[in-house]
Amino acid sequence: MNQAAPSTNSSTISAPAARLAIAAAASTILLLASLHVLSSEFDPSWRVVSEYANGRFGWVLSLMFVSWAVASWSLVVALWSQLTGIGGRIALGFLIASGVGEAMASVCDINHPLHNLAGMIGVLSLPIAATSISVRLSRLQAWAAAKPVLLLTASLTWLSLVLLAVALVALM
């Protein structure tokens, strides 16, 4: 394997991009939580998140998806210097794709013909991105201490995907 040696200098991480990724991710969670309160007519135990688009606060759902896309893309910028070589770029490409699906979901709500495509791109790209990015980062000396957390959280994205599939089957 003759690939370029990855940078292990954590100072090369874009701090503004990392801060934006954290802020956008926190906003995503807060916006989703606010939908559960604002749109109490939707029971989240029997509805998919996308159905909030049919309520009075559908714009909050759109903001949530925009915020999620910004978090994904900001994380790409923050990690760009850490994940070099073709494998690193492919890993980041999956995160970019996930952001594309999230951004599409912000304008292609559940009533739009491209909604399912947006969901497939966003939902299926995220666990692949999380796993490939986490595995690559955990191999770097600068990230060695974070290896257990990286691999655990990447595994949780797959668990979330399985639970989503189970929930969708149960809803049908």
Side-chain angles (χ1 to χ4, degrees), residues 13-80 83 89-134 137 149-172:
I13 293 174
S14 169
R19 283 192 284 278
L20 179 57
I22 292 167
S27 296
T28 301
I29 293 167
L30 290 173
L31 288 164
L32 178 59
S34 73
L35 278 169
H36 295 320
V37 174
L38 293 171
S39 297
S40 56
E41 69 272 17
F42 294 103
D43 180 1
S45 64
W46 291 104
R47 302 285 185 179
V48 293
V49 170
S50 296
E51 289 185 56
Y52 283 116
N54 293 328
R56 288 188 1 223
F57 298 97
W59 61 273
V60 176
L61 180 67
S62 291
L63 279 178
M64 184 208 75
F65 280 120
V66 167
S67 182
W68 194 359
V70 168
S72 294
W73 294 332
S74 298
L75 188 57
V76 169
V77 172
L79 294 176
W80 190 261
L83 297 168
R89 297 304 186 229
I90 290 171
L92 291 171
F94 276 104
L95 189 54
I96 292 168
S98 183
V100 167
E102 295 149 7
M104 283 177 65
S106 74
V107 293
C108 301
D109 71 20
I110 196 166
N111 306 305
H112 194 283
L114 293 177
H115 178 75
N116 289 339
L117 177 62
M120 285 185 1
I121 293 169
V123 171
L124 298 179
S125 297
L126 186 60
I128 297 168
T131 301
S132 54
I133 289 169
S134 295
L137 286 177
V149 173
L150 286 169
L151 299 179
L152 173 66
T153 53
S155 298
L156 291 176
T157 62
W158 288 102
L159 177 62
S160 296
L161 184 60
V162 169
L163 292 174
L164 173 65
V166 169
L168 289 176
V169 168
L171 288 174
M172 290 180 185

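Residue numbers count from 1 along this sequence.
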Problem set entry | From L63 atom CG to S27 atom OG, the distance as rounded to the nearest 0.5 Å | 9.5 Å
Exercise. Could you walk me through whether I110 and V48 pass the side-chain contact (heavy atoms from CB on, under 4.5 Å) check?
Worked result: CA-CA 10 Å; I110 196 166; V48 293; 4.3 Å; yes
Result block: side-chain N/O donor-acceptor pairs under 3.5 angstrom for residues 92-100, not counting sequence neighbours:
from : atom 1 : to   : atom 2 : distance (Å)
S98  : OG     : E102 : OE2    : 2.9
S98  : OG     : G122 : O      : 3.2

For this session: Report the C-alpha separation of S132 and I90 in whole Å, then their side-chain angles, then the decisive distance to 0.1 Å, and conclude whether the side-chain contact (heavy atoms from CB on, under 4.5 Å) test is met.
Result: CA-CA 9 Å; S132 54; I90 290 171; over 6 Å; no
Exercise. Which is it for L61 and D109 under the side-chain contact (heavy atoms from CB on, under 4.5 Å) test, yes or no, and what are the steps along the way?
Worked result: CA-CA 9 Å; L61 180 67; D109 71 20; 5.8 Å; no
Seminar exercise, completed: d(L31 CG, W59 CH2) to nearest 0.5 Å is 8.0 Å
Seminar exercise, completed: Note: A25 and A71 closest approach over all heavy atoms is N-CB, 3.6 Å
Problem set entry | Pairing residues for Y52 by the ring-ring contact (aromatic ring centres under 6.0 Å, His included) criterion, not counting sequence neighbours | H36, F42
Exercise. Which pairs, with at least one residue in residues 50-69 and sequence neighbours excluded, count as a salt bridge (Lys or Arg N to Asp or Glu O under 4.0 Å)?
Worked result: R47-E51
Exercise. Can you tell me how far CH2 of W80 sits from CG of L75, rounded to the nearest 0.5 angstrom?
Worked result: 12.5 Å
For this session: Taking all heavy atoms of G55 and all of E41, pick out the closest pair and write down the distance.
Result: CA-OE2, 4.0 Å
For this session: For L159, enumerate each residue passing the side-chain contact (heavy atoms from CB on, under 4.5 Å) test, keeping only those at least two apart in sequence or located in another chain.
Result: L156, L163
Exercise. Where is the tightest heavy-atom contact between S125 and I121, given as atom of each residue plus distance?
Worked result: OG-O, 2.7 Å
Problem set entry | Nearest atoms (heavy-atom pairs only) where V49 meets M64 | CG1-CE, 4.3 Å
For this session: May I ask you to decide if S106's main-chain N or O and S62's side chain share a donor-acceptor pair within less than 3.5 Å?
Result: yes
Problem set entry | Counterpart residues, ring-ring contact (aromatic ring centres under 6.0 Å, His included), relative to H112 (two or more places apart) | none
For this session: Output, in order, the C-alpha distance, side-chain angles, deciding distance and verdict of side-chain contact (heavy atoms from CB on, under 4.5 Å) for L137 and L79.
Result: CA-CA 9 Å; L137 286 177; L79 294 176; 4.1 Å; yes
For this session: For W158, enumerate each residue passing the side-chain contact (heavy atoms from CB on, under 4.5 Å) test, keeping only those at least two apart in sequence or located in another chain.
Result: P127, I128, T131, L161
Exercise. Which pair of non-hydrogen atoms, one from S134 and one from L150, has the smallest distance, and what is that distance?
Worked result: OG-O, 3.2 Å
For this session: Might you point out which heavy atoms bring A130 and A154 nearest each other, and give the distance in Å?
Result: O-CB, 3.6 Å
